[in-house]
Amino acid sequence: MNEIIVMLGDWPVRTVDALIGFGALVLILLVVIAVVIARSGRRGAELAMAHAIRADELEERLSEVLRAQSEASGRVDAMTQALAGRQAEMARAVNERLDSVTHRVGQSMEHSTRNTMESLRALHERLGIIDSAHKNLTDLTTQVTTLRDVLANKQSRGAFGQARMEAIVQDGLPKGSYEFQFTLSTGKRPDCVVFLPDQRPLCIDAKFPLEAMTALHDARTDEERRVATQRLRADVMKHVSDIAEKYLVTGETQEMALMFVPSESVYAEIHDGFDDVIQKAYRARIVLVSPSLLMLAIQVMQQIMKDARMRDAADQIRTEVIKLGDDLGRLRDRVLKLQKHFADVNEDVRQVLISADKIEKRAGRIEELDFSKSDAAAEGPRLVATAAPELFPRKLQAGE
């Protein structure tokens, strides 16, 4: 038992010492365990009490939570019902709005469709008008092209001027007072002559030099315009000289002739820009006339012819007036005879009325059976003859 078990430094550890130390160690452990257990019991009681308190608090909190949950459930139900009502109202309002919007959209689409149809119809009408205008423009372009082709050719241009001049003369003068392509004693043939009261024809020429005027319109520079102006002045004066030489025959034709310009614009341009040419033509006894001036001249000639015919017929008119006076005198005599017949008839009617009065009085006496009264003379006639007024107090003299 005294055996050394282990050496701790210089101190030997024997078995008895080891047992004693082990026993002491066990005892210490038991004490420590007892203390720990005691302390653990006290702490467990404290913990149990704390847990109970916490359990009560938790129960209270749980009841509060349950109560809040029930309140929340009620509120949730109320909110659910309110939301359901709101949702129904919203759905109804949305449906009403949708119906209203759908109705408005339908009306708008119908109105838009109607406006679109009207616009399309108006567009079709305008397109038809545009097509018609385009067709008219095409026809006008063709006519203008044809007219340009006609005016480009000198002979065609002359025929065009001749046709316009003939139309104006034929519309303004009676037949027999004019003639186209009349041959003068010199063998010259003017385009038209008008026979005035002195039987001397007035010559009208329908040709006009248009090339120089075209060149003047096409001129772009001052030099080209100057050359075209000189050419136009020379061409017009040459044509004036030709007319004066050909158609002014002393003792046979009138002392002046007309040069017809078939365009108002050309005539106005010549009259405004070439006054010297107009004056020289006047001195050469040639008058430039446009279509309107030719029409006016034709009207003046027609009035001159009418006045001349009236002067020529003045003696015939005087003779017819004298014959008319004689016829009026014979008519007066016959009316006087008719008046005498009326007076005789009036006297016969008066006598008939006197006899009728007598017969009426006799019938009255017969009806009254009164024959004592003598046959007195009947009363005067009811009608008094009056002298009929003279229809013609005096004889009209011839010429009154």
Side-chain angles (χ1 to χ4, degrees), residues 166-180 182 192-202 204 251-254 292 294-400:
E166 290 181 359
I168 294 173
V169 173
Q170 289 175 350
D171 291 340
L173 293 177
K175 291 184 179 181
S177 60
Y178 62 89
E179 184 175 345
F180 301 115
F182 179 76
C192 178
V193 294
V194 179
F195 300 104
L196 295 179
D198 59 358
Q199 296 303 316
R200 289 192 302 167
L202 174 66
I204 303 175
E252 181 180 357
T253 62
Q254 296 291 329
S292 59
L294 179 61
M295 187 178 299
L296 178 61
I298 292 299
Q299 295 296 326
V300 173
M301 294 178 195
Q302 183 181 13
Q303 189 63 37
I304 291 174
M305 295 177 185
K306 183 178 180 180
D307 293 341
R309 288 196 300 271
M310 290 184 63
R311 287 195 301 270
D312 294 339
D315 295 336
Q316 296 179 1
I317 294 174
R318 185 173 180 276
T319 302
E320 293 296 329
V321 170
I322 293 174
K323 291 181 180 179
L324 183 62
D326 295 338
D327 293 337
L328 188 59
R330 286 191 293 270
L331 178 61
R332 181 178 180 278
D333 294 338
R334 291 172 183 174
V335 170
L336 289 176
K337 290 180 181 180
L338 182 61
Q339 184 181 9
K340 183 176 180 300
H341 290 310
F342 280 144
D344 295 339
V345 171
N346 193 14
E347 180 63 24
D348 293 338
V349 170
R350 190 179 67 84
Q351 295 295 332
V352 170
L353 290 175
I354 292 173
S355 300
D357 291 339
K358 290 181 178 180
I359 293 171
E360 184 179 0
K361 289 181 179 180
R362 288 181 185 275
R365 289 198 302 270
I366 292 172
E367 183 178 1
E368 295 174 358
L369 299 177
D370 185 9
F371 301 102
S372 61
K373 296 181 181 180
S374 59
D375 295 337
E379 294 181 358
R382 296 179 183 177
L383 294 179
V384 179
T386 57
E390 259 190 297
L391 296 178
F392 298 94
R394 63 185 181 86
K395 185 177 181 180
L396 296 176
Q397 299 296 328
E400 290 186 351

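What's counted below: heavy atoms across the whole structure, side chains too, no hydrogens, waters or symmetry copies.
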SB check Asp326 Arg330 (cutoff 4.0 Å) | no
What's the shortest heavy-atom distance between Val169 and Tyr178, and which atoms?
-> CG1-CG, 3.7 Å
Is any side-chain heavy atom of Asp344 less than 4.5 Å from a side-chain heavy atom of Lys340?
-> yes
Looking at side-chain heavy atoms only, is the closest gap between Met295 and Asp171 below 4.5 Å?
-> no
CG of Asp327 to CZ of Arg332: how many Å apart, nearest 0.5 Å?
-> 15.5 Å
Nearest-0.5 Å distance that lies between atom CD1 in Ile168 and atom SG in Cys192 | 10.5 Å
Spacing of CG belonging to Leu331 relative to CG belonging to Leu336, to within rounding of 0.5 Å = 9.5 Å
Non-hydrogen side-chain atoms of Met305 and Phe195 separated by less than 4.5 Å = no
Side-chain donor-acceptor pair under 3.5 Å between Glu347 and Gln351, yes or no?
-> yes
When rounded to the nearest 0.5 angstrom, what distance separates CZ in Phe182 from CD1 in Ile204?
-> 13.5 Å
Shortest non-hydrogen contact between Ser177 and Pro174, atoms and distance | OG-O, 2.6 Å
Work out which heavy atom in Val193 is nearest to a heavy atom in Pro201; give both atom names and the distance.
-> CB-CB, 3.7 Å
Drop me the distance from Ile354's CD1 to Ile359's CD1, to the nearest 0.5 angstrom.
-> 12.0 Å
Which distance, rounded to the nearest 0.5 Å, do you find between the CG of Leu296 and the CE of Met301?
-> 10.0 Å
Considering all heavy atoms of both residues, which atom of Arg200 and which atom of Gln254 are nearest to each other, and what is their separation?
-> O-NE2, 2.8 Å
